[in-house]
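I'd like to ask some things about the structure below.
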Amino acid sequence: MSQEDTFKKIISHAKEYGFIFQSSEIYDGLSAVYDYGQLGAELKNNIKSYWWKSMVMLHENIVGIDSAIFMHPTVWKASGHVDAFNDPLIDNKDSKKRYRADVLIEDYIQKIEAKIDKEITKAQKRFGDSFDEKQFRETNPRVQANQKKIDDVLLRFKTAMENDDLAEVKKIIEDAEIACPVSGSRNWTDVRQFNLMFDTKLGSVNDDASTIYLRPETAQGIFVNYLNVQKSGRLNLPFGIAQIGKAFRNEIVARQFIFRMREFEQMEMQYFIQPGTEKKWFETWKEKRMKWHKALGNDESNLKFHDHDKLAHYANAATDIEFKFPFGFKELEGIHSRTDFDLGQHQKFSGKKIQYFDNERNESYVPYVLETSIGLDRMFLAVLSASYKEETIEKEDGKKDQRVVLAIPPALAPIQLAVLPLVKKDGLPDKAREIINTLKFDFNCHYEEKDSIGRRYRRQDAIGTPYAITVDHETLENNTVTIRDRDTMEQNRVKIEELPEILRSKVSLNSLLKKLEN
RNA sequence: GCGGGAGUAGCUCAGCUGAUAGAGCAUCAGCCUUCCAAGCUGAGGGCCGCGGGUUUGAAUCCCGUCUCCCGCUCCA
């Protein structure tokens, strides 16, 4: 089966069993927006718990917050998102390639600069020690002409961007005779502006001052609360603030099911540290986060680190944890050493002193930040796609049989236990209900009496229920039931009174969290 | 946004050389009472993605539009 087929099957499966539906489907859907159904919501909540507890419960110096999606507009100026998220884009009609217009112009300038440098290197050789670069730049006609080209283009581009004049940006590209690196042609579309942040209006007055953004990342909600949390919690460096929440990005191309959505959920932890210790913490958190993924017990070859060569404006080290999705290895989580960029920016823009007094060093400084940021929806998709299995099994009579099973890590499964009366008479249903009533406070149980027992097992396999107990006639005699394992399909007869202990050891989050400690 | 592919029942799909909309699975009710799906009887369920056009007549042909998938591009 091809990867594409597998992916399609997972999408269908997710819909058929109530994990994920397309948003507003009855109205033809809304592009790149999805809803979590009855089982999806359970799985998603379990992933959240696993993450939250691993951060907040297992680290006494990490606390969790829940900041608002709406924030003061200046937050996004300080963070650099207002500038960085406004990309003028242009397509080449022949190669069908898309470029950022500003990048094309930058490349063009770089080329000219390279020419100037060449000119200077040549002159340097010619004049030897007596070479005066400054004078040469000011007097050499070829250098001057090229420098003028650069200055002109830069000025025009700056003015055009300030005036939001996209037609002018296109004209600059045309006038500079910039060609597509792939097709070599200068057959360009118009320049279009893509604002990757959603905006909306706060208040009833519709002027510019009331424009606010839906946050494109949750991190800033942590940074702007740094002082509040540190002071009210009497926290000392190093300490972390964790948060789970929605973020919004108006992606140019939102694709691949829930992998890239316009509305998505992030699980972020910002770890505030002493400057100079960032390398150490970067390594520590790389290891911790990878351990978190591996504890789930899925095939470890599905996970790998991918270090960034190109770093964002605020980072001095960055790596991704990539997961082998059905469409290839893609980013699941990012671990970034963010330096003091964010807090420094907020200090600058807000005018508030955002610093930490370090008793050991006897000095104040802006803390450095080590960020771990994982996409909850991506994690959901990772769990789902790693779990989905189509098995061919041999029946007792030798016939081949197919089953679809979601081998979801037991602690994350939407339903942990199915309770099935072998037949729906002879008091077996009542006995089954009785058992559920003792277990439902600790486990998410599901009762099912319709259809043959085998069929019911398969239905539970399809939604990833790790255990099923069957109430039969023997149960009425000696209070024992059979417990069936989803993955091995093996059954054991156990006492009803032993069920809580057995289940706890297999499906509780505790056992998963304990793996993180060794 | 560009190019390619696709939208028919909850799911997978057939019907596409115009003429009452079908199958398998699933669902519901009943029978059977069985430890690994597909036994029997019956039932419900579709503006054939949406809008327009051609035609006596459109799921089918034409145009537009929306949504999904793949590639390009981007990814804090």
Side-chain angles (χ1 to χ4, degrees), chain A residues 2-5 7-9 11-18 21-34 76 79-81 83-85 87 89-100 103 182 189-190 192 194 196-197 216-220 247 249 251-257 259-260 266 268 308 310-315 318 320 327 330-331 334 336 338 341-342 371 373 375 393 395-396 399 401-404 420-426 428 449-462 468-474 481-482 484 486 489-491 493:
Chain A
S2 76
Q3 289 191 333
E4 196 179 314
D5 287 343
F7 191 37
K8 281 184 174 163
K9 285 195 172 173
I11 296 170
S12 305
H13 194 86
K15 183 186 176 187
E16 187 170 359
Y17 290 94
F21 307 119
Q22 197 187 0
S23 162
S24 321
E25 198 185 83
I26 61 168
Y27 292 105
D28 269 346
L30 187 61
S31 184
V33 184
Y34 291 88
W76 305 111
S79 70
H81 286 84
D83 296 327
F85 267 40
D87 298 335
L89 299 182
I90 189 167
D91 293 329
N92 183 272
K93 289 178 185 169
D94 299 314
S95 65
K96 309 292 179 199
K97 294 273 182 186
R98 165 168 295 173
Y99 301 91
R100 276 172 54 175
V103 171
V182 173
T189 62
D190 286 343
R192 288 175 307 263
F194 286 87
L196 267 55
M197 283 198 288
E217 64 172 20
T218 53
Q220 299 304 325
R249 292 181 194 177
E251 301 283 353
I252 305 160
V253 179
R255 282 281 175 74
Q256 282 152 334
F257 196 39
F259 183 79
R260 184 172 287 118
Q266 293 183 308
E268 292 196 314
H308 285 214
K310 210 173 71 185
L311 296 171
H313 57 281
Y314 53 73
D320 290 340
F327 38 86
K330 297 275 176 175
E331 179 183 354
H336 297 237
R338 289 182 83 133
F341 177 83
D342 297 279
E371 168 189 89
S373 172
I393 49 183
K395 293 206 282 192
E396 283 169 14
K399 281 186 184 160
D401 195 7
Q402 285 258 321
R403 76 161 184 160
V404 173
L420 317 169
L422 186 62
V423 294
K424 58 178 171 190
K425 63 173 191 183
D426 303 337
L428 299 186
E449 63 178 26
K450 191 167 162 53
D451 292 323
S452 74
I453 191 71
R455 198 191 283 242
R456 280 178 275 166
Y457 285 148
R458 294 302 170 80
R459 264 205 292 267
Q460 294 305 319
D461 289 341
I469 60 170
T470 300
V471 175
D472 56 19
H473 294 91
E474 197 181 330
V481 292
T482 57
R484 173 200 183 256
R486 173 195 68 198
M489 298 198 289
E490 276 168 14
Q491 288 177 282
R493 185 162 281 275

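Each chain gets a letter, A, B and so on, in the order its sequence line appears, and its residues count up from 1.
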Quickly work out the A:K425 NZ to B:U34 P distance and round it to whole Å. 7 Å
A:Q22 side chain near B:C68 phosphate (N/O to OP1/OP2, under 4.0 Å):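 Looking at the OP1 and OP2 atoms of B:C68, one of them is under 4.0 Å from a side-chain N or O of A:Q22.
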Hunt down the Watson-Crick or G-U wobble partner of B:C47, both distances under 3.5 Å, from any strand shown, or write none.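 The base-pairing partner of B:C47, which may sit in any strand shown, does not exist here.
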Among residues at least two apart in sequence or on other chains, which ones pass side chain to side chain donor-acceptor pair (under 3.5 Å) with A:D472?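 Counting only residues at least two positions away or on another chain, A:D472 forms a side chain to side chain donor-acceptor pair (under 3.5 Å) with A:T475, A:R493.
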Pick the C1' atom in B:U73 and in B:G3, then give their distance to the nearest Å. 13 Å
Closest-nucleotide mapping onto RNA chain B: is A:D461 or A:F257 further toward the 5' terminus? I mean the 5' end.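 Upstream on the strand: A:D461.
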Please determine whether side-chain contact (heavy atoms from CB on, under 4.5 Å) holds for the pair A:M197 and A:H81, giving the CA-CA distance in whole Å, both sets of side-chain angles, and the decisive distance to 0.1 Å. CA-CA 8 Å; A:M197 283 198 288; A:H81 286 84; 4.0 Å; yes
Give the nucleotide from the list B:C36, B:U33, B:G10 with an atom nearest to the side chain of A:R484. B:C36
Interatomic distance where NE2 belongs to A:H473 and C1' belongs to B:U34 [whole Å]: 10 Å
Suppose we define a pair by two distances each less than 3.5 Å, Watson-Crick or G-U wobble; what does B:G1 pair with here?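 Per the H-bond distance test, B:C72.
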What integer distance in Å separates A:M197:CE from B:C74:C1'?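 In whole Å, B:C74 C1' lies 16 Å from A:M197 CE.
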Identify which nucleotide among B:C11, B:C36, B:U33 has an atom closest to any side-chain atom of A:K15, counting heavy atoms from C-beta outward.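 Selected nucleotide (nearest to the side chain): B:C11.
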Could you list the residues that satisfy side chain to side chain donor-acceptor pair (under 3.5 Å) with A:Q460, not counting sequence neighbours?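 Result, side chain to side chain donor-acceptor pair (under 3.5 Å) vs A:Q460: A:T465.
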Run the salt bridge (Lys or Arg N to Asp or Glu O under 4.0 Å) test against A:R338 and tell me which residues pass, sequence neighbours left out. A:E217, A:D342, A:E371
Return the set of residues passing side chain to side chain contact (heavy atoms under 4.5 Å, CB included) with A:V404 (not counting sequence neighbours), or none when no residue passes.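 Expected list: A:H13, A:Y388, A:E390.
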Go ahead and name the base partner of B:U67; Watson-Crick or wobble counts if both distances stay under 3.5 Å, otherwise write none. B:A6
Student check: side-chain heavy atoms of A:P216 and A:Q266 closer than 4.5 Å: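 Heavy-atom side-chain distance check fails, nothing below 4.5 Å.
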Check nucleotides 42-47 of chain B for protein N or O atoms closer than 3.5 Å to its own N or O atoms and list the pairs.
none

What interatomic distance, in whole Å, is found between C1' of B:C70 and the corresponding atom of B:U33? 50 Å
For B:G15 versus B:U8, give the span between their P atoms, rounded off to a whole number of Å.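 It works out to 14 Å between them.
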Has the side chain of A:R260 got a donor or acceptor that lies under 3.5 Å from a partner of the other kind on the base of B:C75? yes
Using a 4.0 Å heavy-atom cut-off across all strands, classify A:D472 as base, sugar-phosphate, or nothing.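 Touches a base.
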Would you mind pulling out the nucleotide paired to B:C13, Watson-Crick or G-U wobble, both distances under 3.5 Å?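 Here B:C13 is engaged in a pair, and the nucleotide opposite it is B:G22.
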Taking B:G45 as the reference, what is the distance to B:C35 when you measure between their P atoms (whole Å, please)? 36 Å
Residues forming a side chain to side chain contact (heavy atoms under 4.5 Å, CB included) with A:S452, sequence neighbours excluded: A:R455
Between B:A37, B:C35, B:U33, spot the one nearest the side chain of A:R493, thanks. B:C35
Can you name the residues that form a side chain to side chain donor-acceptor pair (under 3.5 Å) with A:E449, not counting sequence neighbours? A:Y447
Looking at every strand, decide which applies to A:Y34 at a 4.0 Å heavy-atom threshold: base, sugar-phosphate, or nothing. sugar-phosphate
When rounded to the nearest Å, what value does the distance between C1' atoms of B:C40 and B:C48 take?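 Their C1' atoms lie roughly 33 Å apart.
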Winner on side-chain proximity to A:S12, out of B:G10, B:C36, B:U12, is B:U12
Both distances under 3.5 Å, Watson-Crick or G-U wobble: report the partner of B:U55, or none. none
Under-3.5 Å N/O pairs linking protein and nucleotides 49-51 of chain B:
| residue | atom | partner | partner atom | Å |
| --- | --- | --- | --- | --- |
| B:G49 | O2' | A:D28 | OD1 | 3.3 |

What residues, two or more places apart in sequence or in another chain, satisfy ring pair (Phe, Tyr, Trp, His ring centres under 6.0 Å) together with A:F259?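 Ring pair (Phe, Tyr, Trp, His ring centres under 6.0 Å) list for A:F259, sorted by chain: A:F325, A:F327.
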Please report the interatomic distance CZ(A:R403) to CZ(A:R486), rounded to the nearest 0.5 Å.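 Between atom CZ of A:R403 and atom CZ of A:R486 there are 8.5 Å.
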What is the distance, rounded to the nearest whole Å, between atom CD of A:E449 and atom C1' of B:C31?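 To the nearest whole Å, that distance equals 15 Å.
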Could you give the distance from CG (A:L420) to CZ (A:R459), rounded to the nearest 0.5 Å?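 Going from CG on A:L420 over to CZ on A:R459, the span is 9.5 Å.
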When you match A:E217 and A:T482 each to their closest nucleotide on RNA chain B, which lands nearer the 5' end?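 By nearest-heavy-atom nucleotide position, the 5'-most residue is A:T482.
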Please list, pair by pair, any protein nitrogen or oxygen found under 3.5 Å from a nitrogen or oxygen in nucleotides 25-29 of chain B.
| residue | atom | partner | partner atom | Å |
| --- | --- | --- | --- | --- |
| B:A26 | OP1 | A:R455 | NH1 | 2.4 |
| B:U27 | OP1 | A:R459 | NH1 | 2.9 |

Determine the Euclidean distance between corresponding P atoms of B:G53 and B:G57; express it in Å to zero decimal places. 11 Å
What integer number of Å spans the P atoms of B:G49 and B:U60?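 One P to the other, the span is 8 Å.
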Using the test side chain to side chain contact (heavy atoms under 4.5 Å, CB included), find all partners of A:I11 that sit at least two apart in sequence or belong to another chain.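 For A:I11, the residues satisfying side chain to side chain contact (heavy atoms under 4.5 Å, CB included) (neighbours in sequence not counted) are A:F7, A:F257.
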Any strand, both distances under 3.5 Å, Watson-Crick or G-U wobble: B:C28 pairs with B:G42
From B:C36, B:C69, B:A37, nucleotide with atom closest to A:F7 side chain: B:C69
Please work out if A:I453 contacts a base, only the sugar-phosphate, or nothing of the nucleic acid, heavy-atom cut-off 4.0 Å. sugar-phosphate
Atom pair CE (A:M489) and CZ (A:R484), whose distance is rounded to the nearest 0.5 Å: 6.5 Å
Starting at CZ of A:R458 and ending at P of B:U34, how long is that distance when rounded to a whole Å? 20 Å
Any residue meeting side chain to side chain donor-acceptor pair (under 3.5 Å) with A:Y457, in chain and number order, not counting sequence neighbours: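 Side chain to side chain donor-acceptor pair (under 3.5 Å) list for A:Y457, sorted by chain: A:T470, A:Q491.
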